[in-house]
Enquirer: 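Sharing a structure with you now.
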Amino acid sequence: MVHLHNSATGQIEELKPIEAGTVSMYVCGPTVYDVPHIGHGRFVLVFDILRRYLEHRGLSVVHVSNITDVDDKILARAASEGREPLEVSRQFEDLWWETLRSLNVLRPTHTPHATAYISKMLSFIGELVEADAAYLAGDGVYFEVSKVSDYGLLAHQSLDSLRAGARVEANPNKRSQLDFALWKLTPDDRWAWDSSFGRGRPGWHTECVVMSEDLLGKTFDIHGGGADLMFPHHENERAQARALGHRFAHLWVHNGFVAVNDVKMSKSLHNYVTLPDLVGSSDPRAYRLLVLQAHYRSPLEVNVALIADAARALGRIDSALERYWATPAAGGLVLGEPTVMEAFHGAMDDDLDTPAAVSLLFQTVTRMNSAMDRNDEVASALGAAVAAITSALGLQNEKRDVAIPAAVADLFRKREAARAGRDFALSDALRKNLEELGWIIEDGREGGVLRYRGR
RNA sequence: GGCGGCGUGGCCGAGUGGUUUAGGCAAGGGCCUGCAAAGCCCUGUACAGCGGUUCAAUUCCGCUCGCCGCCUCCA
């Protein structure tokens with residue numbers, strides 16, 4: 001059974017799907033106003049890994065991840081570039097999905113947009129006002145935090161201590177400085193919606209409650225996101241749902257940050273790296289492996305050199321898999337070696353212990369290679385285990401169906417002939433030519449094997 | 001100020017009261033190979049410092065030093 005750390009309780013708890021066999025999962029998505037950064041990459045990979053694993057275990061997953069397309073930052077960018085807000089959000093949303101595709105991240109089942117949920121948000125806010133959990137004051141509608149008895153559950157702080165530490169942001173309209181805006185009145189703005197409260201825009205904590213409940217119900221299994229969303233965003237989402245008596249999310253799952261030189265990555269510190277740059281710098285799977293090598297709740301150091309290391313490690317898995325696929329057994333139905341698969345499940349069930357799973361993967365690669373070297377028949381079961389684990393983690397070696405160019409084939413044939421004639425000088429020279437073209441020859445008993453390694 | 005976390009071998013990164021103390025990358029040695037590549041084998045005696053508890057601590061407790069995060073938009 002899958003167990004996950006629940007931020008609400010601080011405990012590792014069993015995932016018990018509300019609807020047997022189906023896991024409902026909501027993961028807070030991006031605000032599309034800029035190029036995705038490597039921090040986005042981590043959360044997207046973590047939850048993709050979780051999803052893939054659940055599916056690997058035979059569960060079906062309804063995965064919802066939103067696109068925030070109405071936000072002050074989008075507006076600001078549109079204004080400074082003299083463009084329409086929708087044009088800006090469209091541009092970065094397209095880039096978002098394109099980047100995720102390159103990371104081999106499965107597309108969520110549903111990808112709701114905030115702009116499509118304005119009227120539902122308004123009626124939700126109406127319910128909150130009716131329930132006396134929200135109030136209309138000067139410049140907007142605010143949620144009254146003190147109406148939720150366990151406010152601070154996710155922050156792991158009491159209302160008093162939160163209030164004590166809260167920076168004073170002198171908004172006299174709020175009854176408490178912790179109260180947050182559900183609807184901001186912006187009567188003069190073009191980018192606004194009319195409502196019974198007045199013309200305005202939604203606050204950013206409401207869309208996720210409304211969209212998650214709309215698509216997954218008033219209670220669902222997992223709510224996830226980056227650790228910095230825990231408070232206030234998730235706290236506030238939860239507060240709204242609780243104020244209406246909804247059970248809301250059962251398990252709150254949060255991933256750790258990406259750090260650069262031990263410091264959380266952020267634009268203001270100029271340690272910002274874009275995701276497309278990072279993914280493009282190496283094998284697109286390298287970041288996934290890097291993420292897998294650390295526990296999802298730990299901070300993770302990420303830089304181009306580490307990505308390159310991970311890419312080299314990937315090579316080990318790839319060549320093992322190539323070796324396995326080349327065996328006759330691989331064509332048939334070979335089950336993964338049972339003790340390995342059991343160990344894999346044991347690790348992953350334990351709060352997604354991917355470091356242990358990856359460790360096991362590499363150990364299995366070594367065992368498979370050894371077994372093949374000595375013609376041990378256990379090799380195919382081990383190879384099948386490597387293949388199964390690799391694909392459950394989303395690290396599968398996309399079989400590069402790279403057609404062999406005629407020129408390459410020609411060089412290869414010449415090299416084989418030279419080698420057969422023991423003209424090693426010519427043979428090595430030809431091999432070098434091929435390497436420059438991105439092709440590597442591995443000599444074996446039955447002659448050389450041509451392999452594309454890219455450049 | 002409140003809350004939480006961290007300091008592991010060249011780097012990344014798991015983990016554990018004692019026993020064979022992950023894994024990857026890098027490094028060194030070896031086997032194999034015409035040479036390579038791939039693969040296999042071997043090597044590194046790491047746990048911030050100081051006390052304490054214990055038969056035994058890197059692992060538990062305390063303190064010190066250093067560092068990080070949340071409390072504000074943020075994955």
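Just the heavy atoms: all of them, side chains too, but no hydrogens, waters or symmetry mates, feed the values below. Note that the structure is predicted; figures quoted are calculated from it, not measured. In the text below, chain A, chain B and the rest are named by the order of the sequence lines, each starting its count at 1.
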Enquirer: What nucleic acid atoms does G39(A) come within less than 4.0 Å of, heavy atoms only: base, sugar-phosphate, or nothing?
Expert: base
Enquirer: For atom P, what is the distance between rG39(B) and rC73(B), given to the nearest Å?
Expert: 50 Å
Enquirer: Using a cut-off of strictly less than 4.0 Å, decide whether S319(A) has a side-chain nitrogen or oxygen near OP1 or OP2 of rG39(B).
Expert: yes
Enquirer: With rounding to whole Å, what would you report as the distance between rG5(B) and rG23(B) at their C1' atoms?
Expert: 24 Å
Enquirer: D350(A) has an atom CG; how far is it from atom C1' of rA14(B), in whole Å?
Expert: 12 Å
Enquirer: Are D48(A) and R51(A) close enough for a salt bridge, meaning some N to O gap below 4.0 Å?
Expert: no
Enquirer: What distance, rounded to whole Å, do you find between the two C1' atoms, one in rU21(B) and one in rA46(B)?
Expert: 11 Å
Enquirer: Please give, in whole Å, the distance from rC71(B) C1' to N236(A) CG?
Expert: 12 Å
Enquirer: Show, in sequence, the C-alpha distance, side-chain angles and deciding distance for R101(A) and E98(A), and conclude whether the salt bridge (Lys or Arg N to Asp or Glu O under 4.0 Å) test is met.
Expert: CA-CA 5 Å; R101(A) 213 176 305 124; E98(A) 189 185 319; 5.8 Å; no
Enquirer: More than 12 non-hydrogen atoms from neighbouring residues, nucleotides or ligands closer than 6.0 Å to CZ on R374(A), yes or no?
Expert: yes
Enquirer: Once you round it to whole Å, what is the distance between C1' of rC73(B) and CE of M230(A)?
Expert: 17 Å
Enquirer: Any salt bridge linking D443(A) with R431(A)? Criterion: basic side-chain nitrogen under 4.0 Å from a carboxylate oxygen.
Expert: yes
Enquirer: Over how many whole Å does the gap from L290(A) atom CG to rC11(B) atom P extend?
Expert: 16 Å
Enquirer: With a 4.0 Å cut-off on heavy atoms, is S298(A) in touch with a base, just the backbone sugar-phosphate, or nothing at all?
Expert: sugar-phosphate
Enquirer: Kindly indicate whether the side chain of H254(A) and the base of rA75(B) share any N or O donor-acceptor pair separated by less than 3.5 Å?
Expert: no
Enquirer: Please confirm whether the backbone N or O of S161(A) pairs with a side-chain atom of S158(A), one donor and one acceptor, at under 3.5 Å?
Expert: yes
Enquirer: Just need the stems in RNA chain B: three or more back-to-back Watson-Crick or G-U pairs, each with both distances under 3.5 angstrom, sorted by first number.
Expert: B:1-7 with B:65-71, B:10-12 with B:23-25, B:27-31 with B:39-43, B:48-52 with B:60-64
Enquirer: Roughly how many Å apart are rG52(B) and rG13(B), using the C1' atom of each and rounding to a whole number?
Expert: 30 Å
Enquirer: Where do N369(A) and R323(A) land on the side chain to side chain donor-acceptor pair (under 3.5 Å) test, with the steps shown first?
Expert: CA-CA 8 Å; N369(A) 279 320; R323(A) 246 185 128 175; 2.8 Å; yes
Enquirer: Is there a salt bridge (Lys or Arg N to Asp or Glu O under 4.0 Å) between D34(A) and R77(A)? Walk through the geometry before answering.
Expert: CA-CA 9 Å; D34(A) 205 348; R77(A) 182 160 192 146; 3.2 Å; yes
Enquirer: What integer distance in Å separates L382(A):CG from rC40(B):C1'?
Expert: 15 Å
Enquirer: rA38(B) P sits how many Å from W325(A) CH2, rounded?
Expert: 22 Å
Enquirer: Is the shortest side-chain N/O distance from N255(A) to OP1 or OP2 of rA75(B) below 4.0 Å?
Expert: no
Enquirer: Do NZ/NE/NH1/NH2 and the carboxylate oxygens of D428(A) and R419(A) come within less than 4.0 Å?
Expert: no
Enquirer: Give me the distance, rounded to whole Å, that separates rU8(B) from rU59(B) when you measure between the C1' atoms they each carry.
Expert: 11 Å
Enquirer: Say we look at rC12(B) and rG7(B): how far apart would their C1' atoms be, to the nearest angstrom?
Expert: 15 Å
Enquirer: Please measure how far the P atom in rG51(B) lies from the corresponding atom in rA57(B), and state the result in whole Å.
Expert: 13 Å
Enquirer: For F180(A), which of F231(A), Y151(A), F143(A) qualifies under ring pair (Phe, Tyr, Trp, His ring centres under 6.0 Å)?
Expert: F143(A)
Enquirer: Against R201(A), only a single residue in D189(A), D71(A), D69(A) fulfils salt bridge (Lys or Arg N to Asp or Glu O under 4.0 Å); can you say which?
Expert: D189(A)
Enquirer: Using a heavy-atom cut-off of 4.0 Å across all strands, would you classify V27(A) as base, sugar-phosphate, or nothing?
Expert: nothing
Enquirer: Counting only side-chain heavy atoms from C-beta out, which of rG39(B), rC73(B), rG13(B) sits nearest to A294(A)?
Expert: rG13(B)
Enquirer: Does any donor atom in the side chain of Y53(A) or D349(A) lie under 3.5 Å from an acceptor atom in the other side chain?
Expert: yes
Enquirer: Along nucleotides 27-36 of chain B, 5' to 3', which nucleotides get a B, which get an S, and which get a -, given that the test is a protein heavy-atom distance under 4.0 Å?
Expert: -------BBB
Enquirer: Taking the C1' atom of each, how far is rC3(B) from rG18(B), in whole Å?
Expert: 36 Å
Enquirer: Any base atoms under 4.0 Å from H295(A), or only sugar-phosphate, or nothing? Heavy atoms, all strands.
Expert: sugar-phosphate
Enquirer: Any protein N or O atoms within reach of nucleotides 20-26 of chain B? Criterion: under 3.5 Å, listing atom names and distances.
Expert:
{"residue": "rA22(B)", "atom": "O2'", "partner": "S359(A)", "partner atom": "OG", "Å": "3.1"}
{"residue": "rG23(B)", "atom": "O4'", "partner": "S359(A)", "partner atom": "OG", "Å": "2.8"}
{"residue": "rG24(B)", "atom": "OP1", "partner": "R316(A)", "partner atom": "NH2", "Å": "3.4"}
{"residue": "rC25(B)", "atom": "O3'", "partner": "R312(A)", "partner atom": "NE", "Å": "3.1"}
{"residue": "rC25(B)", "atom": "O2'", "partner": "D309(A)", "partner atom": "OD1", "Å": "2.7"}
{"residue": "rA26(B)", "atom": "OP1", "partner": "R312(A)", "partner atom": "NE", "Å": "3.3"}

Enquirer: Rounding to an integer number of Å, can you tell me how far Q157(A) CD sits from rG4(B) C1'?
Expert: 9 Å
Enquirer: Select one nucleotide: of rA14(B), rA75(B), rG39(B), the one nearest the side-chain heavy atoms of T31(A).
Expert: rA75(B)
Enquirer: I'd like to know if R238(A) and D150(A) make a salt bridge, using a cut-off of under 4.0 Å between side-chain N and carboxylate O.
Expert: yes
Enquirer: Between W252(A) and H5(A), does the ring centre distance come in under 6.0 Å?
Expert: no
